[in-house]
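What follows is a set of notes on a single structure, which appears directly below.
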Number of protein chains: 2
Amino acid sequence: MSTKSASIAPIEPARAWEVVLQHIEGDLLSGALKPGDHLPPERALAAELGVGRSSVREAIRVLEVLGLIRTASGSGPQSGAIIVARPTGGMSALVRLQVAAHGFAVRDVVKTRLVLESAVVAELAEARHPDLGAALELLDAMEQDEPLTRDEYLTLDQAFHLALAVASGNEVIASMMAGLRDSIESYVRVGAGNLPSWPDTEERLKAEHRGIVAAIEAHDADLARTRIRQHIETYHAETKVSSIHPD
Amino acid sequence: MSTKSASIAPIEPARAWEVVLQHIEGDLLSGALKPGDHLPPERALAAELGVGRSSVREAIRVLEVLGLIRTASGSGPQSGAIIVARPTGGMSALVRLQVAAHGFAVRDVVKTRLVLESAVVAELAEARHPDLGAALELLDAMEQDEPLTRDEYLTLDQAFHLALAVASGNEVIASMMAGLRDSIESYVRVGAGNLPSWPDTEERLKAEHRGIVAAIEAHDADLARTRIRQHIETYHAETKVSSIHPD
DNA sequence: GCTAGAGTGTGGTCTGACCACATGGTCTGA
DNA sequence: TCAGACCATGTGGTCAGACCACACTCTAGC
């Protein structure tokens, strides 16, 4: 406990957990902490900053949810809080919860995904040698002989779209795309269940995927934009007809 | 996420704070909690869910940072944890910390902002009657007689860009834009300090702002895209020359 | 009627105590 | 010498209880 007596109170006294958060952020900015490093043990951090361990834990929890660290109990080099800087999980949580709390409309999530993914395919089309290896493997997996269940297909579909974003080399867009998609995951799956004919839809989706890749490989950015737009809009329009939510 | 078979086999027993988070998310999805509502008091929530108060507080903290709730101590209708669903703050924190932890490259943040803002101005240009009132007021404020300091101008500039995003009516894009901009705020301000001639830059920025608005009002989406791209790219190129960071 | 004070309920914080667990060293017996 | 069992240690995870500061609400006294 730090002596609060006679301390000149700032305009807004930072809460204890904010002190911890700012301290860690400062260490990140100064380079004292890098991905792969361990945070000090919670008890040591608490003593160092003059706050209680519970306050340290609140800050740690925030960092964990935002995807900056991963925690593990026990002893040894794998335990403790380790900087990982994986934004995807945090982005998913943020968007998903905002959708749940009506801060984000599903319609806007879909539109934003459209904007980002259009940019992704256009950038890939304009790249000299876009690395579509991962995306192509996923397409092959979707077209294997054994029939896939709807859920399996949608999982691969999601991975395909994410692979395109990753291939574009922009981590920010890739994690935003992943977060947007994750957050409406349940809506997509429910919509797929209400489709009039899933096999027909699946065939159409496969053809559209190949068309998108073809446009990228042909370096035709405009065509790629058009096709990705149609791909997303068609699916959402089709599933929305039979969806429960009238909006 | 991967398999929907919700068997009891808990490979990973949910931690206490996750239980609280999931419970609140469930209440949001079911409509039991809406924006404006109060969360139960921490002590009541802890008793209801059979967890300790500290675990409840960790979940509450996460929700606060993500911008879902605001908390206030004291008594009465303004106190407690209230659902607000303001995504901007959470997005800013996420992006800022990921940049600090090298999960996001500043370059990608700028590129993403470019993608989103291009879409914003294009959408505004294609709208019948875009509501540019707030944006225009900010432009007027930037051009008043009394000279503005660099910081004041940049604050208005940021507000202008955000106003455009808000005018487009897409909350998701607006909060992402705000988060992206906030997260590189310090870089922008440092860059402005290193410009060869701020007054010249300020004049150019004013002209570019007016040009963007003119393109929107002329319903010329392509021109608006071009101008916003040039606006952002020029500024970042100019400040990067004298910046310390080589990349 | 009005005001000053007590009362109440809230979040914010700290402390101390356990637990489960992973690791790493030590001891024991072959 | 070495392999295996065992225990000490340090970590996060959790809980219970205790305060505090604060904002509101009620009420007694004027």
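Atoms considered below: every heavy atom in the structure, side chains included; atoms not considered: hydrogens, waters and symmetry mates. So that the names make sense, note that chain A is the first sequence line, chain B the second, and so on, each numbered from 1.
Remark: Thr71(B) is in phosphate contact with dG12(C), judged by side-chain N or O atoms under 4.0 Å from OP1 or OP2. For dC14(C), one of the phosphate oxygens OP1 or OP2 lies less than 4.0 angstrom from a side-chain nitrogen or oxygen of Ser55(A).
For the pair Arg61(B) CZ and dG11(C) C1', the interatomic distance rounds to 8 Å; values are reported in whole Å. What separates CD of Glu58(B) from P of dG12(C) is a distance of 14 Å, to the nearest Å.
If you check every strand for non-hydrogen atoms under 4.0 Å, Gly74(A) touches a base. Backbone-only contact: Ala72(A) has heavy atoms under 4.0 Å from sugar-phosphate atoms and none from a base.
Side-chain N/O atoms of Arg53(A) and base N/O atoms of dG16(C) include no donor-acceptor pair closer than 3.5 Å. Residue Arg43(A) places a side-chain atom within donor-acceptor reach of the base of dG12(D), judged by atom type and a 3.5 Å distance cut-off alone.
With both pairing distances under 3.5 Å, dA30(C) is matched to dT1(D) as a Watson-Crick or G-U wobble pair. Here dG9(C) sits opposite dC22(D) as a Watson-Crick or G-U wobble pair (both hydrogen-bonding atom distances under 3.5 Å).
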Could you go step by step and tell me if Arg61(B) and Glu64(B) meet the salt bridge (charged side-chain N to carboxylate O under 4.0 Å, His left out) rule? CA-CA 5 Å; Arg61(B) 194 63 55 233; Glu64(B) 181 177 351; 2.5 Å; yes
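Ion pair Arg96(B)/Glu185(B) not flagged as a salt bridge, since none of the NZ, NE, NH1 or NH2 atoms sits closer than 4.0 Å to an Asp/Glu carboxylate oxygen.
Only one option out of Leu63(B), Val62(B), Leu29(B) pairs with Ile24(B) in a side chain to side chain contact (heavy atoms under 4.5 Å, CB included); it is Leu63(B).
Residues Val84(A) and Leu68(A) have side chains not in contact (no heavy-atom distance under 4.5 Å, counting atoms from C-beta outward).
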